[in-house]
Visitor: 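Supplied in structure tokens, the structure appears directly below.
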Amino acid sequence: MKALLTIILLLAFGACVWGDTPTPEQIAEWKEAAENGNVDAQYNLSVMYEYGRGVPEDDKEALKWLMKSAEQGNPLAQFKLGYWYYVGQGVPKDFKESAKWWLIAAANGDEDAKEVKADLAELMTKEQIAKAQDLSREMLKANPKLMGD
């Protein structure tokens with residue numbers, strides 16, 4: 001559980017250390033790149049909207065960009081989406097969905113996801129874990145983009 005708690009604290013306080021507020025020019029560039037499918041720009045926009053950095057704070061807009069990035073294989077976005085499901089930020093709290101996204105992020109090489117998926121398993125029944133594994137396999141089969149580059 002130590003790894004999970006550490007990651008949660010880092011994500012919860014991420015706004016404090018995320019760097020300078022982006023300029024309007026940077027925001028315009030990232031929006032254009034995000035709309036053209038750039039997964040890093042999509043993730044950056046999600047963080048900006050989550051914390052109100054250069055744009056109004058808006059969890060719905062943050063979730064939109066986070067989901068787009070995660071669905072295109074960005075392991076950092078996949079991990080963070082799992083976190084959102086874990087704490088119920090912008091989505092209903094759901095350990096199975098959290099585990100599903102963390103399993104996908106771990107398969108894409110995200111080290112934090114590899115650490116916390118074991119901790120999350122301590123909070124779930126064997127049936128829930130199996131369901132999360134099934135869901136992640138189904139998603140990967142239906143959307144190969146989830147596996148990144």
Visitor: Please collect all salt bridge (Lys or Arg N to Asp or Glu O under 4.0 Å) contacts where either partner lies in residues 32-47, sequence neighbours excluded, each pair once.
Guide: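 Found none.
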Visitor: Please evaluate residues Glu50 and Glu61 with respect to the criterion side-chain contact (heavy atoms from CB on, under 4.5 Å), reporting the C-alpha separation (whole Å), side-chain torsions for both, the decisive distance (0.1 Å), and the verdict.
Guide: CA-CA 8 Å; Glu50 178 182 4; Glu61 194 69 11; over 6 Å; no
Visitor: I want to check something: taking the side chain as every heavy atom from C-beta on, are Phe79 and Ile104 in contact at a cut-off of under 4.5 Å?
Guide: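 Of all side-chain heavy-atom pairs linking Ile104 with Phe79, none is under 4.5 Å.
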Visitor: So, do Leu45 and Lys64 sit near enough that their side-chain heavy atoms are less than 4.5 Å apart?
Guide: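 Heavy-atom side-chain distance check fails, nothing below 4.5 Å.
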Visitor: I need the minimum non-hydrogen distance between Ala41 and Ala33, along with the two atoms involved.
Guide: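 Shortest heavy-atom contact: CB-CB, 3.7 Å.
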Visitor: In Å, rounded to the nearest 0.5 Å, how long is the span from CZ of Arg53 to CD1 of Ile27?
Guide: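 Going from CZ on Arg53 over to CD1 on Ile27, the span is 10.5 Å.
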Visitor: Could you pull out the closest heavy-atom pair between Ala113 and Ala105, with the gap in Å?
Guide: CB-CB, 3.7 Å
Visitor: Would you say Trp84 and Lys93 make side-chain contact, with heavy atoms under 4.5 Å?
Guide: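 No - every pair of side-chain heavy atoms lies 4.5 Å or more apart.
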Visitor: Is there side-chain contact between Trp102 and Tyr83, with at least one heavy-atom pair below 4.5 Å?
Guide: yes
Visitor: For Ser98 versus Tyr86, what's the shortest heavy-atom pair and its separation?
Guide: OG-CB, 3.4 Å
Visitor: What residue pairs, at least two apart or across chains, pass salt bridge (Lys or Arg N to Asp or Glu O under 4.0 Å) with a residue in residues 95-110?
Guide: Glu97-Lys100
Visitor: Indicate, with yes or no, if the rings of Tyr43 and Trp65 have centres closer together than 6.0 Å.
Guide: no
Visitor: I need the minimum non-hydrogen distance between Leu81 and Met67, along with the two atoms involved.
Guide: CD2-SD, 3.6 Å
Visitor: Test side chain to side chain donor-acceptor pair (under 3.5 Å) on Asn108 and Gln78 and set out the steps.
Guide: CA-CA 9 Å; Asn108 278 324; Gln78 293 165 341; 2.8 Å; yes
Visitor: For a quick check under 3.5 Å, do Trp30 and Gln26 share a side-chain donor-acceptor pair by atom type?
Guide: no
Visitor: Measuring from atom CG of Asn44 to atom CG of Leu66, what distance do you get when rounded to the nearest 0.5 angstrom?
Guide: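 The CG atom of Leu66 is 11.5 Å from CG of Asn44, to the nearest 0.5 Å.
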Visitor: Which value, rounded to the nearest 0.5 Å, describes the distance between Lys80 atom NZ and Ser46 atom OG?
Guide: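 These two atoms lie 6.0 Å from each other.
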Visitor: Should Gln42 and Gln72 count as side-chain neighbours, where that means a heavy-atom distance under 4.5 Å?
Guide: yes
